[in-house]
Each structure stands twice: as structure tokens, then as C-alpha cells.
Participant: 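Submitted below is the structure of interest, expressed as C-alpha cells.
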Amino acid sequence: TAIRDGASADSLEGEQLDFKAHPIRDGQPIKAKLSSILEEYSVAFSNAQGGLLILGVDDKSSGPAAFLGCRDYDINEMKKMIYNTTRPSLTVEITEVNYDGKMLLAVDVPRSVVTHSTSGGVVYKRVGKENRIVYPEEMAALKVGKGYDYTASFIYGTEKDAIDPVEVARLRNWLERYNPGNEISKLDDEKLLMAINLLQKVEEKIVPTVTCLLLTGKEEILRETLPQCEVVFLRFEEDDTTPAQSLYLKQPLLKVIDKV
């Protein structure tokens, strides 16, 4: 109604709504262009709060002229386009909407709890009214925002040799200190870490989780793989502006706690 009354479709777009003309050339649908639109918007909406893509509306026009409609389309084929060009594959709902004699298509993309990309590996996220590329350094934040537990994940290339036996012994002492007589602390190093899910089996290899590295990783491995892992300890006395003691520690967390 707002578009018919004079608002442009572009002015109504937001994080969960976008309008696009159905791509046509010489009276025929441009399937490659349509597939590209569906792929990008499905990924972007799924990586945000979900959203609705309305096809058949010129987002730069207003009034009745903005409603161009869609023609010669196949809803099942469009669903397959999205399924086949997204990683992991996305399933969406597409609904026909007859508006003043013009057939519009509403592509309803659900919010997903996992991170999706295009078939080419590009990750988009809907921000405001734009589809923005998510760069590698932003991936962890995107995953965490979806409820992903980063600390339970793995860092590519790290294996059991990244673990410091001295720090495993420290962890064992902590378990005994706070839960005397427990059976887990009597296990050997690998079985102990497996029992508390700090080591996981992935493709026939035993690999440490991020939590495992934070607690028991070798210092040189922490500096290389988790450079953001640093504890800053400042102790103040009467002067609350100049610390009496400053410690900048890039070490396993239990060692840091014992030290401070």
C-alpha cells in the first residue's frame, strides 16, 4: 500500500525485507541473474534474522509503476537454485502474491543457527538494508552471534602435541583440590582430557578444543594460534591512577590464576 501511495520500495527495505525486479531480457527470464540474486539474498538473510525477498517490484520506482510482476517462472526450480547454490544447503518457502493483477513472488528465508555461504564460498550477512560480505576475521563473531560455542571448536592444524604436560598436571591438581577423590583425575593425560571434552576425535585424529589450548596449551602455541589470549593484571594501592604492580600474561589460564 505504501508503494502504491507513492513511497519507493527502496525506502521500505530493511534488515528483514528487500524488493527486486524479476530479471527479464527481451521478454524472457534471465536464469543466471535470478539464481545469483536468490543465492546472495538467501545467504544474507539466513546469516542474520531471516527475511523476505519480494520479486517483481522495482525498488527504485514508486506508485503502480513499481509493480512489474514475474513471468515464466518455476517455483520448484527456484527452490532448487537456492538449495544447490548455498553451503550448507538452504530450504526456503516461495509464495505467489497476486497484487493488482501483477504476480509477485515472496521468498521467505528463515534465520539459521549455522553459518551459510554461496557456492563460491562467499559469506553474506544482512546489515540494515545491505548484504555485506563477512570477512575471515569476522567469522568468529558471526558464529558466536548465532549461538556457536567458539571455545568448543578446533583450530586447524593443532593436534595433541600442542598440549603442555606440565599444564595437564596442573589441571589434574585443580581437579583433586576442588573434587577430592574423583575418578577422572586418576586417568592418564589423554583419557582425562577426553573425559572432560577438552580433546575430541575429528577425522581419526585426536585434536584439542580452544578451551583445551587456553587451559593446557604450550605458550608458544598460544602465541601463534590464540594471540588474543592475554591476561592483564593491575594492582593498585593508595594511588588509584598508577598501578603498584602490572602483569601482562600470555600463558595458560590455570598458570595465570596460580601466579596472580
Side-chain angles (χ1 to χ4, degrees), residues 1-135 138 142 145-147:
T1 302
I3 298 173
R4 185 184 60 193
D5 292 343
S8 67
D10 180 72
S11 69
L12 302 176
E13 292 174 348
E15 190 160 313
Q16 293 182 278
L17 178 65
D18 206 297
F19 298 91
K20 280 286 175 286
H22 188 223
I24 299 280
R25 180 187 296 136
D26 298 329
Q28 297 298 318
I30 309 173
K31 289 189 177 181
K33 178 65 174 176
L34 176 61
S35 178
S36 178
I37 291 172
L38 293 173
E39 178 183 19
E40 177 183 327
Y41 280 82
S42 295
V43 168
F45 280 137
S46 71
N47 284 333
Q49 300 302 314
L52 201 62
L53 172 65
I54 307 297
L55 291 172
V57 179
D58 181 2
D59 62 350
K60 303 303 180 186
S61 300
S62 58
F67 297 96
L68 304 176
C70 302
R71 56 180 294 178
D72 298 327
Y73 57 83
D74 183 325
I75 288 179
N76 287 328
E77 182 182 24
M78 292 169 64
K79 287 183 176 182
K80 287 180 182 178
M81 286 179 179
I82 294 171
Y83 187 86
N84 291 332
T85 60
T86 54
R87 302 289 184 271
S89 297
L90 278 164
T91 301
V92 306
E93 292 297 325
I94 302 178
T95 305
E96 295 177 311
V97 180
N98 191 326
Y99 188 83
D100 284 348
K102 300 289 186 179
M103 188 61 71
L104 311 180
L105 296 175
V107 183
D108 190 357
V109 182
R111 179 183 185 274
S112 178
V113 296
V114 300
T115 301
H116 294 268
S117 70
T118 66
S119 57
V122 181
V123 177
Y124 291 98
K125 180 183 178 182
R126 188 72 172 179
V127 180
K129 58 195 298 184
E130 297 179 356
N131 299 334
R132 294 189 180 177
I133 294 177
V134 179
Y135 293 100
E138 302 170 317
L142 175 61
K146 286 173 166 283

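Atom set for the values below is all heavy atoms of this structure, side chains included, hydrogens, waters and symmetry mates excluded. For this chain, numbers begin at 1 and follow the sequence in order.
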Participant: Quick one: pull up CD1 in Ile82 and CD in Glu77 and give me the separation to the nearest 0.5 Å.
Facilitator: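 Spacing of CD1 (Ile82) from CD (Glu77) equals 11.5 Å.
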
Participant: Any side-chain heavy-atom pair from Tyr124 and Val134 closer than 4.5 angstrom?
Facilitator: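 The answer is no, as the side chains (C-beta and beyond) never meet within the 4.5 Å cut-off.
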
Participant: Could you tell me whether the side chain of Arg126 and the main chain of Gly14 form a donor-acceptor pair under 3.5 Å?
Facilitator: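 Judged by distance alone, yes, a pair lies under 3.5 Å.
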
Participant: Enumerate donor-acceptor pairs with a distance under 3.5 Å from any side-chain N or O in residues 34-44 to protein atoms, sequence neighbours excluded.
Facilitator:
residue	atom	partner	partner atom	Å
Glu39	OE2	Ser119	N	2.9
Glu39	OE2	Ser119	OG	3.1
Glu40	OE2	Asn131	ND2	3.0
Tyr41	OH	Lys20	NZ	3.0
Ser42	OG	Leu38	O	2.7

Participant: Name every donor-acceptor pair, under 3.5 Å, that has one atom in a side chain of residues 88-102 and the other anywhere in the protein, sequence neighbours excluded.
Facilitator:
residue	atom	partner	partner atom	Å
Ser89	OG	Tyr83	O	2.9
Glu96	OE2	Tyr73	OH	2.5
Asn98	OD1	Gly101	N	3.2

Participant: Okay, side chain of Lys146, backbone of Val114: is any donor-acceptor separation there less than 3.5 Å?
Facilitator: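 Yes, Lys146 side chain to Val114 backbone: donor-acceptor pair under 3.5 Å.
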
Participant: Please report the interatomic distance NZ(Lys129) to CZ(Phe19), rounded to the nearest 0.5 Å.
Facilitator: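 Interatomic distance, Lys129 NZ to Phe19 CZ, rounded to 0.5 Å: 10.5 Å.
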
Participant: Quick check for you: to the nearest 0.5 Å, what is the distance between Asp10 atom CG and Glu13 atom CD?
Facilitator: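 Interatomic distance, Asp10 CG to Glu13 CD, rounded to 0.5 Å: 5.0 Å.
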
Participant: Can you give each donor-acceptor pair under 3.5 Å made by side-chain atoms of residues 51-58, sequence neighbours left out, with the distance rounded to 0.1 Å?
Facilitator:
residue	atom	partner	partner atom	Å
Asp58	OD1	Lys60	N	3.1
Asp58	OD2	Ser61	OG	2.7

Participant: Give the C-alpha distance, both sets of side-chain angles, the deciding distance and a yes or no for side chain to side chain contact (heavy atoms under 4.5 Å, CB included) between Glu138 and Lys125.
Facilitator: CA-CA 11 Å; Glu138 302 170 317; Lys125 180 183 178 182; over 6 Å; no

Participant: Taking all non-hydrogen atoms of both residues into account, name the closest pair between Arg71 and Ile24 and its distance.
Facilitator: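 For Arg71 versus Ile24, the nearest heavy atoms are CG-CD1, 3.7 Å.
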
Participant: Do you know the tightest heavy-atom contact between Thr85 and Met81?
Facilitator: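 Closest pair (atom of Thr85, atom of Met81, distance): OG1-O, 2.6 Å.
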
Participant: Locate the shortest heavy-atom distance separating Thr115 from Leu142; write the atom from each residue and the value.
Facilitator: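 That closest heavy-atom pairing would be CG2-CD2, 3.7 Å.
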
Participant: What distance do Ser62 atom OG and Asp5 atom CG have between them, rounded to the nearest 0.5 Å?
Facilitator: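 That separation rounds to 10.5 Å.
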
Participant: Looking only at heavy atoms, what is the nearest atom pair of Gly145 and Arg111, with distance?
Facilitator: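 Closest heavy-atom pair between Gly145 and Arg111: O-NH2, 3.6 Å.
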
Participant: Determine yes or no for a side-chain-to-main-chain donor-acceptor pair under 3.5 angstrom, with Gln16 supplying the side chain and Gln49 the backbone.
Facilitator: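 Indeed, once roles are kept as given, a pair shorter than 3.5 Å links the two residues.
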
